Amino acid sequence: MGIYYNFPAEDDMNCPVKLFTSHRIYQEIEREALNQLLTAATVPGVLAVVGMPDLHQGYGLPIGGVMASEEGGPISPGAVGFDINCGVRLLKTGLTLEELNNLSNNLLQELRKRIPAGLGKSSSLKFSESEFKQIITQGLPALAQLNLLDEVILSRCEDQGSFPGADSSAVSKKAINRGITQLNTLGSGNHFLEVQQVVNSQPESDFKQGEVVVMLHTGSRGFGHQICKDYLKLAEKCQQKYNLSFPVKNLAHFPLNSPEGQDYLAAMGCAANFAYANRELLTQRLREIWRDLFPQSELKLYYDHTHNIARWETHIIAGQEQRVLVHRKGATRLSNDTPALIPGSMGTSSYVVKSLNSENTALALQSTAHGAGRKMSRTQAKKSITQEQHRSSLGEVKAVSSSGGNMLDESPLAYKDISLVIDSLQESQLAHPIARLKPLVVLKG
DNA sequence: ATGTTC
């Protein structure tokens, strides 16, 4: 029996809350993050709330939180997050470390020069409004129609790279204007492009020991951010109209069967498609660099998935199979036949995991962690971590910031130990690692 | 995360 913490439905909670952490990680979880998770269970129409071991304080729902709503129940922009379809993509290179080694300095310089990155950065590509709308409505298949898709990769993407129900008429002009120049950019904060080496792979996995891979972590940029902002404002306005009780302002929501709720889902789908396309286009920029530096190597997509989204799924909740809208915010869907990519903090290993298909995976609504999870806020990290501490925490890893900043707020010292998160997933019988990916070279946003 | 004020 894998362990988890169960908080029964008490007082004004509508459902129990299950927190899937080891005892060790539980000690590190902030009181406020747990409080936010328990508060989510008080929203009327919420049928299940689950926390992952990388739980930390967020806006409304904590990062690492999963919240399932009944049909007609709440849909909450804050429970998806500002970076809609923030996600991870992993590429295989077929190269060994030896083939890469002489070039790693060049590679870092080329990445910095040729990958559009940093706060407010515009893309090197120009899209017309109609092309942009086609992309945000259809996702990756639209890139294929525009002759911008290199290969048939849809089966290696969550949602086949096309989120259903997206409708650009639900997206504000302001969001379109922000998004149209940002498609094909990495962004900032915890977004990164990292070259890694497989150091520990299970024999049954697709990974060879020592193989070089590339991981990309980015999302929907200012586009998704604007959509979240627009709909949070609308939700507050709709509170009276639908006579809703928000336990905290940041858990503002719509009824799923309201026009506004449906509009949010349609707009959220556009941001999801933006982010799928963004990761694909950045992969193409990377391929251009790769062709120059490693002409014998071809970048092949291993998998691409999100960790910030709401989607319809069927789960057994309280013994009853039902269709629910699952919000995952800093949590990854993990079905029995797909892998999940769990990026570490800068300078620490990332992992590929598979489901353990246990009783607990069903209780966790088929969810797993999304990363190491913060241990300090950005401001706290900048105050308390010194340059020297940060530099030594990076060890041999070559890191460069596109913005030229000191990256203290992204230091591994500001995050939980990813290996404890992975141990925790195993102890809870949610997932087990099939490969550990050690960082070599990282471009931070 | 973010044209850094959710």
Side-chain angles (χ1 to χ4, degrees), chain A residues 32 36 39 54 56-65 76-88 116-123 172-183 185-193 216-239 246-254 264 267-268 271-272 274-275 278-279 282 306-310 327-332 343 345-346 370-374 376-383 401-410 414-415 444-445:
Chain A
E32 183 50 27
Q36 286 183 323
T39 303
D54 49 340
H56 60 104
Q57 197 179 334
Y59 177 89
L61 192 69
I63 322 295
S76 168
V80 171
F82 277 86
D83 191 2
I84 297 163
N85 188 2
C86 185
V88 192
L119 188 66
K121 181 76 180 182
S122 290
S123 171
S172 70
K173 186 72 193 155
K174 193 170 182 185
I176 303 260
N177 288 343
R178 276 183 81 172
I180 202 162
T181 61
Q182 291 192 337
L183 188 56
T185 62
L186 184 65
S188 64
N190 65 8
H191 290 165
F192 65 79
L193 200 162
L216 174 62
H217 178 213
T218 186
S220 53
R221 310 283 288 99
F223 182 64
H225 192 274
Q226 188 63 45
I227 288 170
C228 183
K229 194 173 173 183
D230 291 341
Y231 279 92
L232 279 171
K233 199 172 157 194
L234 184 63
E236 281 177 37
K237 269 199 210 160
C238 285
Q239 181 169 16
F246 300 160
V248 287
K249 185 180 152 217
N250 297 347
L251 273 173
H253 53 266
F254 309 102
Y264 170 68
M268 183 203 77
F274 179 110
N278 196 29
R279 291 193 286 273
L282 286 168
T306 176
H307 47 233
N308 279 7
I309 203 73
H327 303 73
R328 289 194 185 84
K329 183 185 187 182
T332 307
S345 53
M346 171 172 51
H370 88 304
R374 279 196 171 275
M376 287 178 205
S377 70
R378 292 182 186 279
T379 36
Q380 193 187 347
K382 281 187 222 170
K383 248 188 302 190
S401 155
S402 63
S403 60
N406 62 21
M407 303 186 278
L408 290 178
D409 53 338
E410 284 298 321
Y415 282 84
K444 290 291 287 184

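Everything quoted here is computed from the prediction, not taken from an experiment. Lettering of chains follows the sequences in order, A, B, ..., and the numbering in each one begins at 1.
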Inset, instruction - Let me know, please, whether A:Arg374 or A:Lys229 comes out on the 5' side of the other along DNA chain B by nearest nucleotide. - result: A:Arg374
Legend entry - Atom-pair distance (CG on A:Asn85; P on B:dT2), nearest Å: 13 Å
Legend entry - Check: A:Thr185 side chain, A:Ala117 main-chain N or O, donor-acceptor pair, under 3.5 Å: no
Legend entry - Spacing between A:Lys121 atom NZ and B:dT2 atom P, to the nearest angstrom: 14 Å
Inset, instruction - Return the value, rounded to whole Å, for the distance between atom CD of A:Gln226 and atom P of B:dT5. - result: 15 Å
Inset, instruction - Starting from P on B:dT2, measure out to CG on A:Asn308 and report it in whole angstrom. - result: 11 Å
Legend entry - A:Ser402 side chain vs A:Lys444 backbone, donor-acceptor pair below 3.5 Å: yes
Inset, instruction - Name the orientation class of the two ring planes belonging to A:Phe223 and A:Phe274 (parallel below 30°, tilted from 30 to 60°, perpendicular beyond 60°). - result: parallel
Legend entry - pair A:Val80-A:Lys329: side-chain heavy atoms closer than 4.5 Å: no
Inset, instruction - Grab the CG-P distance between A:Leu232 and B:dT2 for me, whole Å please. - result: 16 Å
Legend entry - Rounded distance in Å - CG (A:Asp230) to P (B:dT2): 16 Å
Legend entry - Position toward the 5' end of DNA chain B (nearest nucleotide), A:Ser188 or A:Lys249: A:Ser188
Legend entry - Whole-Å gap separating P (B:dT5) and NZ (A:Lys174): 14 Å
Inset, instruction - Determine the contact category for A:Glu410: base if any of its heavy atoms lies under 4.0 Å from a base atom, sugar-phosphate if only primed atoms, P, OP1 or OP2 are that close, otherwise nothing. - result: sugar-phosphate
Inset, instruction - Give the rounded distance in Å between these two atoms: CG of A:Asp409 and P of B:dT4. - result: 16 Å
